[in-house]
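Written below as structure tokens is the structure these notes are about.
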Amino acid sequence: MLAGMAAVRVLVVGCGFFGRYHLHAWREAGAEVVGVCDAEAARARTRASEFAIPAWHADAAQAITALRPDVVDIVTTVASHRALVELCARHRVAAICQKPFAASLADAQAMISAMQRAEVPLSVHENWRFQRPVRVLAERLALGHLGVPHAARISLRSHFDVYRAQPYLATDVRFIIADLGVHLLDTARCLLGEVAAVTCITRRVDAAIRGEDCATILLRHASGTASVIEASYATHVEHEIFPQTLIQVDCAAGSLRLDAGHQVVEVGGAGVVRRFDADPPPRSWHEPPGALVQDSVVNLHRHWLEHRAAGTEPETIATSNLRTLALVEAAYVSAAAGATITLEPI
Ligand code: NAD
Ligand code: 89Y
């Protein structure tokens with residue numbers, strides 16, 4: 001909790017696999033979870049008991065009416081996002097919505113408009129940019145001493161069994177770009193700025209799933225920087241490091257690299273090498289192999305709370321995150337058409 005201020009009252013909707021980490025993280029960030037809600041009542045009841053939360057509900061409208069939270073944290077899968085955000089708009093309560101923000105750009109626009117009309121803020125839970133190593137990279141780039149970036153690679157190639165904890169990933173029509181690529185595309189925006197053009201090639205390698213499990217995306221940023229985004233769950237690796245992202249950014253006067261083990265390496269123009277250890281802090285509730293991601297949920301919650309207290313916009317405000325979603329959409333269009341998609345200048 002921020003000094004001298006009452007704890008922000010949060011209602012968490014969605015008590016599945018990832019909702020647990022949101023509950024731990026809100027507690028860690030000093031907010032008060034006043035209730036949980038899940039359409040499957042038993043899940044809500046179990047979570048309330050596990051986290052000693054005073055109220056649980058199976059219906060989000062009833063939960064909002066009964067609890068009058070300061071913010072609704074939506075941790076359901078994408079199919080329910082629009083209806084839940086529009087519900088928040090009707091109740092004039094702030095909302096944070098998990099990624100993928102919306103099933104389409106039209107849905108995302110409608111959600112943003114509804115919340116704007118209700119004059120309540122809407123953010124997206126886009127946590128990748130809040131991973132400690134990504135923050136270190138962003139800070140080093142912002143110092144400017146490495147010069148202008150001209151090329152970059154942002155890569156998560158793995159064979160981790162993501163379908164075990166998240167079975168819907170095997171049956172969703174759109175898989176790796178919407179689910180994981182969205183994080184990598186947002187990280188590209190965070191480190192390298194807005195994007196002017198997108199070219200994408202996808203493959204479905206695992207015949208047992210419905211969507212694409214490998215995507216290679218070339219971005220031309222508005223600055224002229226080129227970045228390659230690699231997302232794959234069809235990569236046989238010697239050492240599995242899921243969910244770590246590996247990154248290389250080449251600049252005019254040096255380079256930055258994010259290696260396995262959360263190690264950031266900066267090579268300066270004169271060949272001076274600096275190393276930064278960006279390990280997530282140990283916490284009793286972190287579960288392997290996801291500590292890096294779970295820590296980023298705490299960091300994002302804290303960021304949101306700080307901006308709420310200051311009356312300023314968090315980085316993942318929905319109007320900004322819409323540009324990340326536009327990259328997801330452009331990547332699918334590009335892959336289907338075999339063409340480069342040019343985005344509207346901002
Ligand atoms: P899940 O299926 O395990 O849990 C979702 C829960 O929401 C279910 O229990 C379901 O009953 C409930 N639900 C659905 N519609 C509802 C409604 N209208 N009202 C109340 N409850 C409802 O899913 P999950 O794996 O926990 O994923 C949730 C979201 O989190 C997904 O969008 C996923 O992409 C995202 N996710 C994000 C990260 C990250 O790092 N940001 C990691 C994993 C998952
Ligand atoms: O759902 C995905 C996410 O947001 O991060 C990794 C993941 O859990 C599986 O791709």
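For ligands, and for the atoms within them, numbers begin at 1 and follow the listed sequence.
- With respect to atom 37 (C) of ligand 1, the closest heavy atom belonging to the protein is Gln98 OE1, 3.2 Å.
- Every salt bridge (charged side-chain N to carboxylate O under 4.0 Å, His left out) that Glu315 has, sequence neighbours left out, goes to Arg129, Arg135.
- Neither the backbone nor the side chain of Glu126 comes within contact range of ligand 1; no heavy atom lies under 4.0 Å.
- Salt bridge status for Glu287 with Arg20: present, with a side-chain N to carboxylate O gap under 4.0 Å.
- Residues His286 and His24 place their aromatic rings such that the two centres sit no closer than 6.0 Å.
- In terms of heavy-atom proximity, Pro133 sits nearest to His262 at CG-CB, 4.0 Å.
- In summary, the side chains of Ser227 and Arg153 do not present any donor paired with an acceptor at a separation below 3.5 Å, with no hydrogens or angles considered.
- Two rings, from His303 and Phe130, have their centers less than 6.0 Å apart.
- Using bins of under 30°, 30° to 60° and over 60° for the plane-to-plane angle, the ring pair His301/His22 lands in the perpendicular bin.
- Per-residue contacts place Lys99 under 4.0 angstrom from the following atoms of ligand 2 (heavy atoms of the residue considered): 1 (O), 2 (C), 3 (C), 4 (O).
- Not one N or O of Val75 is nearer than 3.5 Å to an N or O of ligand 1, by distance alone.
- Neither the backbone nor the side chain of Asp59 comes within contact range of ligand 1; no heavy atom lies under 4.0 Å.
- Between the side chains of Glu230 and Ser155, at least one donor N or O sits under 3.5 Å from an acceptor N or O.
- Using a 4.0 Å cut-off between heavy atoms, Thr76 contacts ligand 1 through both its backbone and its side chain.
- Residue, atom and distance of the protein heavy atom nearest to atom 21 (N) of ligand 1 are Ala39 N, 3.0 Å.
- Nearest approach of His221 to Gly193, heavy atoms of both residues: ND1-O, 2.9 Å.
- Looking from atom 41 (N) of ligand 1 to the surrounding protein, the closest heavy atom is Asn127 OD1, 2.8 Å.
- Residue Ala60 does not touch ligand 1, judged by heavy-atom distances below 4.0 Å.
- A salt bridge is absent between Arg174 and Glu212: the closest approach of a Lys/Arg side-chain nitrogen to an acidic carboxylate oxygen does not fall below 4.0 angstrom.
- For atom 7 (C) of ligand 2, the closest non-hydrogen atom on the protein side is Gln166 OE1, 3.6 Å.
- Protein heavy atom closest to atom 4 (O) of ligand 1, with residue, atom name and distance, is Gly16 CA, 3.3 Å.
- Summary of contacts: the protein heavy atom closest to atom 3 (C) of ligand 2 is His183 NE2, 3.4 Å.
- Of all atoms in ligand 1, listed by their number and element, those nearer than 4.0 Å to a heavy atom of Ser80 are 15 (N), 18 (N).
- Near Thr77, with a cut-off below 4.0 Å to any heavy atom, the atoms of ligand 1 are 23 (O), 31 (C), 32 (O).
- Ligand 2 does not have Phe18 within reach: every non-hydrogen atom of the residue lies 4.0 Å or more from it.
- At a 3.5 angstrom cut-off on N or O pairs, Ala165 does not count as close to ligand 1.
- Atoms of ligand 1 found under 4.0 Å from any heavy atom of Arg43 (numbered from 1 in listed order, with element): 8 (C), 9 (O).
- Close to ligand 1: Pro100, with a non-hydrogen atom less than 4.0 angstrom away.
- Nearest to atom 1 (O) of ligand 2 among the protein's heavy atoms is Asp179 OD1, 2.6 Å.
- Between Arg283 and Asp295 there is a side-chain heavy-atom pair separated by less than 4.5 Å.
- Of the protein's non-hydrogen atoms, Val13 CG1, 3.9 Å is the one closest to atom 19 (N) of ligand 1.
- A distance of 6.0 Å or more separates the ring centres of Tyr168 and Phe175.
- Between Trp128 and ligand 2, no pair of N/O atoms sits closer than 3.5 Å.
- The protein heavy atom nearest to atom 2 (O) of ligand 1 is Tyr168 CE2, 4.0 Å.
- The parts of Asp38 lying near ligand 1 are both backbone and side chain, judged by heavy-atom distances below 4.0 Å.
- With sequence neighbours left out, the side chain to side chain donor-acceptor pair (under 3.5 Å) criterion links Asp38 to no other residue.
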